[in-house]
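Bear in mind that the values here come from a model prediction, so they are computed numbers and not experimental data. Chain naming here is simple, since letters A, B, ... match the order of the sequence lines and numbering starts at 1 in each.
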Amino acid sequence: MSEADPIIRLDGVTKRFGSKVAVSDISFDVGRGRCLGWLGPNGSGKTTLIRCMLGLARVTSGTIQVRGHAIPAEAGSALERVGGIVEEPRFYPYLTGRRNLEVWAGLVGDGARERIAPALERVGLAADGERRVKQYSMGMRQRLGVARSLLGDPELLILDEPSNGLDPSGMADFRAMIRSFVEEDGRTVFISSHLLDEVEKIADDIAIVHEGRLVLHGTVDELVAAGRRGIRLRVDDAERAVSILQGLRFITRVERRGDGELGVTLERHDDAAAIAVTRALVVAGVGVAELARERATLEERFLQITGGSAADEPR
Amino acid sequence: MIRSTLRTITGRRGSFRGGGLVILAGIFLVIVVLLVVNELRPVRNPSIGGQPMLDGVGGVVWALGIVIGILVGALAGSYDVAQGTMRYLVLTGVGRVRLYAARTIALVAAIGLLLLPALAIGIVAVLVLPSDPNDEVTAGELADVVWTAVVWPLVFALIAMGIGSVLRSNGVAIAISLLFAFAASPLLTLLEAWNETIGDLMLLPALDRVTGGGSSLAIPVAALAVFGWVAVPWLLGLARHLRDEY
C-alpha cells in the first residue's frame, strides 16, 4: 500500500439495527497525515460508523478498508497500527494507570511496553501513572485513553469524543497534542466531537453525517467559505449608510445591529467587494470607523447543513 | 497476553485477593480449632496434624474454593463486557478466539494461584504439626485431597466463566452460577432415581467419581461427562463473544 492510498476507504457502508438505519450508504476516503473531524448531531450515526471501522460492529452492507485491509475480515492486520477511543475510555479501575497500559501492551506486543513511559509523558500523566484509575478524573481517563491508543505506534488514531471532561486549559493542551500527532508524527487522526469550535481548530478536513447519511465532506476552509459571506461595519450615520448600501447590486442584505453597526451580506466575498463598500460610503460622506470581514463559523455551517437548532445540536 | 489477562483477574481485590484471604483464614481457623481441641481433650483428639488436619484443610479449600472459584470465574467471563473494556481488547487486533482462550488459561492459572498457597500451608501443617501414628497420612491421600480441592473449584470456575460470558452482567452471572452450583446441580442428581446411569452423568456425581468418589461409572466416562458440563457453557460463551458487537 502506497502513501498516496487513503488510510480509510468507506464504500457504500450501511448499518441497520433491525428496521432502524443507523448509517446509510456512506462512502468517502480519508487521506494519510491529515486530521478529519467527523461531525453530526446526537444519534446521527457517528459512533456506529466508528465501531464498524474498528471491527467492533459488522456492517450490513458496503465495505470498509483500513490501512488497505478489509474490515472485519482482516481486522487483525488492519488494527495492528490503529489506536482508538470509542464513546468513553474504559479501564480496569482497580489497577493503576501504568498497570492498565501494561495490560494492553501485553496484548499489543511489538515494543508496546517500551512505549508506556513516553505515552504517559506525552499525555501529561507521567506523575499520575501509579495512581489507581478509579481515582482519575474524566479528563485524566481521556488522556490515559489517548496514551493507550499510542501503545501500538499507530498510523491512524480514531478518537470518538476525546475531549469530553476536559477543562478549558486541558482542552487547549489536548488540541495541541492532537495537532502534534498530525504535524510532528505524521499520523492520521479521525476525530469525532460535538465541540464544533474545537474541531474547527484541530481538523484539516470535515465530514458531516446527518440521520445516518454523509451530507458533506471537504476541507474546513472549503466548508466555511461556502457559508455566510459578509462584512461588519461601524459607521457614523447608519441610516444613510443603509440606504446607500441597499443601492449596491452585489449586496444582498443589510442588517442594522445598533450603535452604528451594520451587518452586510455580499454576493461575493473578496477584496474588491469590501473596497467598493468602503468607497461608496466615503464618497457619500458616511464616516467608516471599522470594517471587518465576517465568516461563517463551523457551528453556523453545521446548523445550516443539518437544519438543526441550537437546542438539539452539539454545542 | 495470558500474563496480561491474568493480571486483570488477580488484580480484583474483592473477588481474588479477598477470596484468597478468606481461604487462608479458613486454613488458619482449622489449625486453631485442632490446636484447641487437642489442648482441651488430648486423649480424644491426639493429633493436630496428620489425618484430622488433612480432612479440615481439604474440606475448607474445597468448599470455599468452589464459592470463590465461581465468583472469580463469573467475573472473568462478564467483567470486560460489563465494564466496557472488551471493546478495547478487541481493538488491539488480537482475534476474539485468542482473547477467549487467553482468558480461559488465565482463569485456570488464577484458580491455581488462589488455592495453592492455602493448600501448601495446609500440607505443611498436616506434615509438621504433631500427630498420632494412627493419623499419619500417605502421599496418595495427600494427592487425592489436593486433586479434589483443585478440580472442583476449577470446574465450577470454568462453568461460571461460560455463564458470565453469555450473560455479560457481573451480578447476574455470579447469581446464576451460584444457583447452578448449589441448587440446579444437586437437583439434577435426583435423576438417579429415574435412571442410574443418567444420574451418574450429572455434574456432581461425575465430578465426585473423577475425584475418587464411588459411583459405578467408569472414570473416563465420568471425566467425559465433566468435560461436557464445562464445555457447553464455555462454548456458548465463546459463541456469544464471537457474535457480539462491542
Side chain, backbone, both or neither of B:Arg96 within contact of chain A (heavy atoms, under 4.5 Å): side chain

Given a strict heavy-atom distance threshold of 4.5 Å, which part of A:Ile158 is in contact with chain B: side chain, backbone, both, or neither? neither

Side chains of B:Thr5 and A:Val103 in contact at under 4.5 Å (non-hydrogen atoms): no

Approximate separation, where rounding is to 0.5 Å, of B:Arg12 CZ and A:Leu95 CG: 9.0 Å

Would the number of heavy atoms belonging to other residues, nucleotides or ligands and lying under 6.0 Å from CG of A:Asp110 be above 12? no

Given a strict heavy-atom distance threshold of 4.5 Å, which part of B:Leu99 is in contact with chain A: side chain, backbone, both, or neither? side chain

Do the side chain of A:Tyr94 and the main chain of B:Thr8 share a donor and acceptor less than 3.5 angstrom apart? yes

Quick check for you: among A:Val108, A:Ile85, A:Val82, which has the greatest number of heavy-atom pairs under 4.5 Å with chain B? A:Ile85

B:Arg3 CZ: over 12 foreign heavy atoms closer than 6.0 Å: no

With distance as the sole test, does B:Gln83 use its side chain to make a donor-acceptor pair with the main-chain N or O of A:Phe91 at under 3.5 Å? yes

Between atom CE of B:Met86 and atom CG of A:Leu56, what is the distance when rounded to the nearest 0.5 Å? 11.0 Å

Answer with side chain, backbone, both or neither: which region of B:Val90 has an atom nearer than 4.5 Å to a non-hydrogen atom of chain A? both

So for atom CZ, which belongs to A:Arg58, do other residues, nucleotides or ligands contribute more than 12 heavy atoms lying within a distance under 6.0 Å? yes

Hey, which of A:Ser77, A:Gly152, A:Pro93 has the most heavy atom pairs under 4.5 Å with chain B? A:Pro93

Cut-off 4.5 Å, heavy atoms of chain B, and the answer for A:Arg51 is side chain

So, taking the atom named CZ in A:Arg90 and the one named CG in B:Asp80, what distance separates them when rounded to the nearest 0.5 Å? 12.0 Å

Once rounded to the nearest 0.5 Å, what's the spacing between atom OG1 of B:Thr92 and atom CG of A:Leu79? 8.0 Å

Going by residue number, which parts of residues 237-246 of chain B are within reach of chain A, meaning a heavy-atom gap below 4.5 Å? B:Leu242, B:Arg243, B:Asp244, B:Glu245, B:Tyr246

Would you indicate whether B:Phe227, at its atom CZ, is surrounded by more than 12 heavy atoms from other residues, nucleotides or ligands within a distance under 6.0 Å? no

Do you know which two heavy atoms are closest between B:Ser4 and A:Gly106, and how far apart they sit? OG-CA, 3.2 Å

Given heavy-atom pairs under 4.5 angstrom as the criterion, report whether the side chain, backbone, both or neither of A:Leu107 touches chain B. both

For A:Arg81, which atoms come within 4.5 Å of any heavy atom of chain B: side chain, backbone, both, or neither? neither

Is it true that, when you exclude A:Arg113 itself, more than 12 heavy atoms of the residues, nucleotides or ligands shown sit nearer than 6.0 Å to its CZ? yes

Among B:Gly95, B:Ala102, B:Gly14, B:Gly93, who wins on heavy-atom pairs under 4.5 Å with chain A? B:Gly93

Tell me, out of A:Pro89, A:Gly109, A:Ala105, who's got the most heavy-atom pairs with chain B below 4.5 Å. A:Pro89

For B:Tyr79 and A:Tyr92, take the angle between the two ring planes, folded into 0 to 90°, and tell me which bin it lands in: parallel under 30, tilted 30 to 60, perpendicular over 60. parallel

